[in-house]
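Here the structure comes first, spelled out in structure tokens, and everything after it is commentary.
Worth knowing before you read on, the calculation uses all heavy atoms, side chains too, and leaves out hydrogens, waters and symmetry mates.
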Amino acid sequence: AVVKGKPPSDSGISTSKIKESKNKLVRLVLPNEKSGKDAITKWRIVREEEINSLIRIKIETGRRAQIRLHMSELGCPVIGDKRYGTGKSRVNRLCLHASELKFIHPNGQKITVKQAILALVTKSANDVATVVAENFEKTERRFAYKMTRKAKSIGLTRTIFRNASGLPNKGQLSTARDMAKLSLIHI
């Protein structure tokens, strides 16, 4: 994350609880309140500049807006954060980027997105394709629908996806021309 200013120390752990309301708004819980869920954010400064700092962050819990709330609490809001930060900045987007993402595989193991992609590329890992699809879109069917929409938007006019893995399905089809177009886009 790129944050405004500099945290009070070179590294630390933020542990303020976070409460989500019924209408999905989130806020930090005041010290005297007994509600909210645990939220643990570990952070350290990677680089300091005159106005901003680059912070490496690792979250131990996954609460909505957790990083943004904890950085704001430190007095160093994420650049571009209009809700919990200082509002507009010269950068017209939230300066918060992931370098690694993990999820739980059906066998119970934690797996990184990079590992999942490598498994898809190097061997038939249909269960990984399904897990990735379900993590992005709740169901593989919805993910396949989005894949089809994306295919159409990039000019693959004769491609319809019905699953994330490419396993045989009567409704799934494509053409050699569409696959060639897709290859050219990614080369």
Under a 4.5 Å cut-off applied to non-hydrogen side-chain atoms, are [X] and [Y] in contact?
| X | Y | value |
| --- | --- | --- |
| Arg158 | Arg177 | no |
| Lys58 | Glu60 | yes |
| Glu73 | Ser16 | yes |
| Val26 | Tyr84 | yes |

Taking all atoms of both residues into account, what is the closest heavy-atom pair of [X] and [Y], and its distance?
| X | Y | value |
| --- | --- | --- |
| Ser35 | Lys17 | O-CD, 3.9 Å |
| Ala151 | Phe161 | CB-CE1, 4.0 Å |
| Gly5 | Ser53 | O-OG, 2.6 Å |
| Ile160 | Gly171 | CG2-O, 3.7 Å |

Ionic contact status for Glu137 with Lys146, cut-off 4.0 Å: yes
Salt bridge present between Asp81 and Arg68 (N-O < 4.0 angstrom):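 Salt bridge: yes.
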Are any side-chain N or O atoms of [X] and backbone N or O atoms of [Y], one a donor and one an acceptor, separated by less than 3.5 Å?
| X | Y | answer |
| --- | --- | --- |
| Asn52 | Val2 | no |
| Asp178 | Ser174 | no |
| His97 | Ala1 | no |
| Ser72 | Pro77 | no |
| Glu134 | Glu140 | no |
| Gln172 | Asn169 | no |
| Arg63 | Asp38 | yes |
| Gln66 | Ile40 | yes |
| Lys181 | Gly155 | yes |

Output the distance between atom [atom1] ([X]) and atom [atom2] ([Y]), rounded to the nearest 0.5 Å.
| X | Y | atom1 | atom2 | value |
| --- | --- | --- | --- | --- |
| Lys42 | His70 | NZ | NE2 | 13.5 Å |
| Arg162 | Tyr145 | CZ | OH | 10.5 Å |
| Glu48 | Lys6 | CD | NZ | 4.5 Å |
| Arg56 | Arg47 | CZ | CZ | 14.5 Å |
| Leu54 | Ile79 | CG | CD1 | 11.5 Å |
| Leu156 | Thr148 | CG | OG1 | 10.0 Å |

Between [X] and [Y], is there a shared hydrophobic cluster once you connect ILVMFWY residues whose side-chain heavy atoms come closer than 4.5 Å?
| X | Y | result |
| --- | --- | --- |
| Met179 | Leu173 | no |
| Phe143 | Ile111 | yes |
| Val132 | Leu101 | yes |

Pair Arg64-Lys24, side chain to side chain contact (heavy atoms under 4.5 Å, CB included): steps then yes or no: CA-CA 9 Å; Arg64 181 187 295 255; Lys24 301 292 184 196; 3.7 Å; yes
Contacts of type salt bridge (charged side-chain N to carboxylate O under 4.0 Å, His left out), residue Arg93, not counting sequence neighbours: none
Residue Gln109 excluded, over 12 heavy atoms near CD under 6.0 Å: no
Within 6.0 angstrom of Lys152 NZ, more than 12 heavy atoms from elsewhere: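 Yes, the 6.0 Å shell around NZ holds more than 12 heavy atoms from other groups.
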Residues clustered with Val78, ILVMFWY side-chain links under 4.5 angstrom: Val3, Trp43, Ile45, Ile55, Ile57, Ile59, Ile67, Met71, Leu74, Leu94, Leu96
Ile18 vs Leu69, side chain to side chain contact (heavy atoms under 4.5 Å, CB included): CA-CA, chis, key distance, verdict: CA-CA 8 Å; Ile18 294 175; Leu69 285 164; 3.9 Å; yes
Contacts of Ser153 that satisfy side-chain hydrogen bond (donor to acceptor under 3.5 Å, both in side chains) - sequence neighbours left out: none
